[in-house]
Trainee: 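Here it is: the structure, laid out below.
Counting starts at 1 for both ligands and their atoms, in listed order.
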Amino acid sequence: MLEKIKETISYLYKQTDIQPVVGLVLGTGLGGLVNEIETGAEIRYQDIPNFPVSTVDGHEGKLIFGMLGGKKVVAMKGRFHYYEGWKMDEITYPIRVMKFLGIQFLFLSNASGGVNPDFETGDLMIIEDHINLLPNPLIGKHYPEFGARFPDMNDTYSQELIKKAEAIAEKLNIKIHKGIYTATTGPAFETAAEYKYFRMIGSDAVGMSTVPETIVAHQMGIRCFGISVITDLGVPGKIEFTTHEHVQDVAKNSEKKMTLIIKDLIKALT
Ligand code: HPA
């Protein structure tokens, strides 16, 4: 794994001399934030040695290096999901690479189903904590170079970043929730009974991503910030027929406000 990472990094260094401080992983329908990046280099996943290549609609596969909010960033346009059949070490490989490129902060976005009855379609939710119902990405051979074998998971979503984001949302007059994101395999959306179960165990939103990347980033000492766009509701009486296209449309509509928050938050990083 370490040799593979070295090979990937040495290829990337040949394409760009930008050394990013911030990593971005953008979710379904939320890739437009990369248009705000003053791009220095754009590299297709298929050209990067050892990188997986994404297959799902709405997940274009590119690594974008540039400036955003006055900081050097690297953005993944398109992420890898467990439901596509990737292994956990493949899903999280780009995060390992970003760490070795030098990132200190990781921003993650996703589309998710809201199970908190106070939520409405199109709302934003800052991820305060998660419940992981996917396999843990740290299962398997341990590399001490990455961090602890048994990492503590306290403050996985940086409280400092959460507080700053809340203040930014208030200043911009953007309605924002905080809550617990539960990661599940998908690709089927939930039954009514499953949405009810997720609410009972303490979830506010449910989705199919973000947590594997966050666990790996946290193990390596990266400060994480996650934000969900609520694209549909898993709330009794409000459950509607859901399609991937609907999820993409709603995410697109909420993208602007999410982008404003992330940009200001990156500006405010110290
Ligand atoms: N469930 C799981 N994942 C999702 C949902 C959902 O309702 N909406 C968007 N991603």
Side-chain angles (χ1 to χ4, degrees), residues 24-33 54-60 76-86 88 91-92 107-135 137 157 175-215 225-259 261-262:
L24 288 156
V25 184
L26 306 169
T28 305
L30 300 168
L33 176 57
S54 50
T55 59
V56 186
D57 275 0
H59 291 90
E60 215 180 311
M76 278 181 79
K77 190 166 185 184
R79 63 145 63 92
F80 304 98
H81 301 87
Y82 191 63
Y83 62 75
E84 292 174 273
W86 297 106
M88 278 296 161
I91 293 166
T92 56
F107 286 66
L108 307 114
S109 69
N110 61 53
S112 65
V115 293
N116 182 324
D118 297 334
F119 288 6
E120 289 173 55
T121 300
D123 280 357
L124 300 180
M125 183 192 89
I126 296 172
I127 303 177
E128 248 193 319
D129 206 347
H130 71 228
I131 296 172
N132 184 27
L133 300 179
L134 290 167
Y157 300 88
K175 174 182 163 195
I176 199 134
H177 305 284
K178 270 192 299 187
I180 311 297
Y181 176 87
T182 293
T184 178
T185 65
F189 292 116
E190 286 66 32
T191 62
E194 285 164 345
Y195 281 130
K196 197 168 162 194
Y197 158 75
F198 284 131
R199 182 64 184 153
M200 282 171 68
I201 63 170
S203 322
D204 295 291
V206 50
M208 308 172 193
S209 68
T210 305
V211 169
E213 295 103 316
T214 303
I215 292 173
F225 177 80
I227 189 162
S228 295
V229 176
I230 307 300
T231 55
D232 52 276
L233 295 175
V235 172
K238 293 187 183 169
I239 300 173
E240 287 177 49
F241 186 78
T242 307
T243 62
H244 185 59
E245 289 68 31
H246 170 81
V247 166
Q248 284 176 298
D249 287 346
V250 177
K252 221 31 327 70
N253 286 332
S254 293
E255 186 175 35
K256 217 172 176 175
K257 51 185 181 177
M258 187 202 78
T259 300
I261 294 172
I262 292 186

Trainee: Enter the distance from Glu240:CD to Phe189:CZ here, rounded to the nearest 0.5 Å.
Mentor: 13.0 Å

Trainee: If you take the nearest heavy atom of each of Thr182, Ile230, Asp232, which one is closest to atom 7 (O) of ligand 1?
Mentor: Asp232

Trainee: Flag yes if more than 12 heavy atoms outside Lys256 fall under 6.0 Å of its NZ atom; otherwise flag no.
Mentor: no

Trainee: Atom 4 (C) of ligand 1: which protein heavy atom is closest, and how many Å away?
Mentor: Val206 O, 3.7 Å

Trainee: Is the distance between the ring centroids of His130 and Tyr157 less than 6.0 Å?
Mentor: yes

Trainee: Contact between Ile230 and Asn116 at the side-chain level, heavy atoms closer than 4.5 Å - yes or no?
Mentor: no

Trainee: What atoms of ligand 1 come closer than 4.0 angstrom to any heavy atom of Ser112?
Mentor: 5 (C), 8 (N), 9 (C), 10 (N)

Trainee: Just jot down the ligand 1 atoms closer than 4.0 angstrom to any heavy atom of Met208, in number order.
Mentor: 2 (C), 3 (N)

Trainee: Nearest heavy atom to atom 9 (C) of ligand 1: which of Val115, Thr184, Thr231 does it belong to?
Mentor: Thr231

Trainee: With sequence neighbours excluded, what pairs up with Asp204 under the salt bridge (Lys or Arg N to Asp or Glu O under 4.0 Å) test?
Mentor: Arg199

Trainee: Which of the numbered atoms in ligand 1 are under 4.0 angstrom from any heavy atom belonging to Glu190?
Mentor: 1 (N), 2 (C), 6 (C), 7 (O)

Trainee: Going by the atom numbers of ligand 1, which of them fall below 4.0 Å from some non-hydrogen atom of Gly113?
Mentor: 4 (C), 5 (C), 6 (C), 7 (O), 8 (N), 9 (C)

Trainee: Assess Gly234 for proximity to ligand 1: is some non-hydrogen atom of it under 4.0 Å away?
Mentor: no

Trainee: For ligand 1, which atoms have a heavy atom of Ala111 less than 4.0 angstrom away?
Mentor: 9 (C), 10 (N)

Trainee: Once the angle between the rings of Phe225 and Phe107 is folded into 0 to 90°, is it parallel (under 30°), tilted (30 to 60°) or perpendicular (over 60°)?
Mentor: tilted

Trainee: Ignoring hydrogens and angles, tell me if any N or O in the side chain of Ser254 forms a donor-acceptor pair with the backbone of Gly122 under 3.5 Å.
Mentor: yes

